[in-house]
Amino acid sequence: MPRTGLPSGSGTWLDPDIPVTGGGPGYGAVVESLRDLLDGFAAASPDEETVRALADAFAAWSKRLERHRVGERQQVFGRRRDLHGRGQVMAPKFAAEESDERSVKGTVTFGRYFLGGNGAVHGGAIPLLFDEVMGRLSNTAGRSQSRTAFLHTDFRSVTPVGVPLSVRAWFESEEGRKRFIRAEIRDGDTLCAESHGLFLALLPGQP
Ligand SMILES: CCCCCCCCCCCCCCCC(=O)SCCNC(=O)CCNC(=O)[C@H](O)C(C)(C)COP(=O)(O)OP(=O)(O)OC[C@H]1O[C@@H](n2cnc3c(N)ncnc32)[C@H](O)[C@@H]1OP(=O)(O)O
């Protein structure tokens, strides 16, 4: 296992061949609820009573979760590769539909939480999605763990909030430690954004 403690697995994205632990069968539904909550909160203009009730409920849940705090290697958030979006809410949920050793295709819908303005997705959320998809592809099919060295994004047309979009990422080349990966987001035939990045396989001892 590499020093990061993240096993890379021998299989493809959809069949990573890595045991899943933590959170149980209900974890995915909780993550979905949390995404709905963030979208609902972003879209709401709550009255004062609702704000007070939310503050109390959030404080109570923070206190309760404190009792279950664990170190990075034991946390469930972001480590459930069996779930679309791998059980995290930091990045929009990418749902893979097809994958092989060099590519992955799927869909994403940026919820209201990721709104920049005028119905367009925030310009920072798009590279976030690219890094999520390209970074994970970089580590599939028995490859060792890597880190993003650079990630270049071109915004070709507005990426709409609340619309299912297609996402594709693929290896352009692999040269020693260097993995050059490209990706794009499309709304139907319209190219919304495209990206190319360099992912470097970590050397022993690199965090
Ligand atoms: C059960 C458990 C489930 C767990 C489930 C987990 C799922 C998991 C999914 C994760 C999905 C999200 C994935 C996110 C992935 C990140 O976002 S990683 C975080 C962002 N990236 C970083 O923090 C990286 C910070 N930088 C570094 O650590 C170091 O610079 C690096 C990248 C390790 C490289 O350092 P280095 O090893 O010293 O490399 P160095 O010798 O400088 O360069 C090697 C070669 O690359 C070239 N190079 C290096 N940097 C660059 C650059 N920026 N531009 C061009 N060339 C470059 C060099 O010129 C050199 O070329 P050659 O001379 O060999 O031809």
Side-chain angles (χ1 to χ4, degrees), residues 1-28 30-31 34-35 68 70-97 99-108 110 114 122-154 167-185 193-207:
M1 189 184 291
R3 194 168 175 277
T4 54
L6 302 177
S8 50
S10 56
T12 62
W13 186 300
L14 286 171
D15 184 17
D17 190 24
I18 292 177
V20 170
T21 55
Y27 194 79
V30 172
V31 174
L34 193 47
R35 287 189 183 279
H68 300 274
V70 292
E72 179 183 331
R73 304 282 165 86
Q74 288 80 43
Q75 81 172 41
V76 182
F77 186 85
R79 294 170 71 90
R80 285 287 301 261
R81 282 195 241 212
D82 57 320
L83 301 173
H84 289 319
R86 74 184 163 93
Q88 53 79 40
V89 296
M90 183 184 68
K93 181 180 72 179
F94 171 68
E97 288 160 2
S99 69
D100 61 26
E101 294 191 348
R102 296 180 59 82
S103 67
V104 64
K105 271 188 208 174
T107 57
V108 71
F110 290 87
F114 295 104
H122 191 289
I126 292 168
L128 177 62
L129 188 268
F130 280 136
D131 197 36
E132 169 71 19
V133 175
M134 296 159 78
R136 185 165 163 188
L137 176 66
S138 169
N139 296 343
T140 57
R143 297 178 181 91
S144 59
Q145 289 294 316
S146 63
R147 282 201 186 276
T148 318
F150 74 74
L151 187 71
H152 178 101
T153 297
D154 289 298
V167 180
R168 196 164 73 90
W170 65 98
F171 271 83
E172 190 174 37
S173 65
E174 284 184 83
E175 301 156 19
R177 296 173 61 206
K178 294 179 178 177
R179 303 168 188 168
F180 292 93
I181 299 182
R182 303 192 77 90
E184 61 182 28
I185 300 173
E194 57 187 338
S195 185
H196 64 273
L198 170 61
F199 296 80
L200 278 174
L202 292 176
L203 297 171
Q206 284 183 321

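Note that this is a predicted model, so its numbers are computed, not measured. Note that ligands are numbered from 1 as they come in the structure, with each ligand's atoms numbered from 1 the same way.
The backbone N or O of P207 sits less than 3.5 Å from a side-chain atom of R147, completing a donor-acceptor pair.
Remark: E132 pairs with R86 by the side-chain hydrogen bond (donor to acceptor under 3.5 Å, both in side chains) rule, at least two apart or across chains. Listed by chain and number, the residues in a side-chain hydrogen bond (donor to acceptor under 3.5 Å, both in side chains) with R35 amount to none (sequence neighbours excluded).
Note: no N/O pair closer than 3.5 Å links R86 and ligand 1 by distance alone. Checking only distances, N139 never comes within under 3.5 Å of ligand 1, N or O to N or O. Note: no N/O pair closer than 3.5 Å links L203 and ligand 1 by distance alone. Taking any N or O of R177, backbone or side chain, at least one lies under 3.5 Å from an N or O belonging to ligand 1. Taking distance alone, with nitrogen or oxygen atoms compared against 3.5 Å, Q206 approaches ligand 1 more closely than that limit.
Contacts between D131 and ligand 1, counted as non-hydrogen atom pairs separated by less than 4.0 Å, involve both the backbone and the side chain. The side chain of L198, and not its backbone, has at least one atom closer than 4.0 Å to an atom of ligand 1 (non-hydrogen atoms only; side chain from C-beta on).
Geometrically, R143 engages F171 in a cation-pi contact defined by less than 6.0 Å to the ring centre and at most 45° from the axis.
Put simply, no part of M134 is less than 4.0 Å from ligand 1, judged by heavy atoms.
Annotation: H196, atom NE2; neighbour count of heavy atoms from other residues, nucleotides and ligands within 6.0 Å is above 12.
Across K93, H84, E97, a single residue satisfies side chain to side chain contact (heavy atoms under 4.5 Å, CB included) together with T107, and that is E97.
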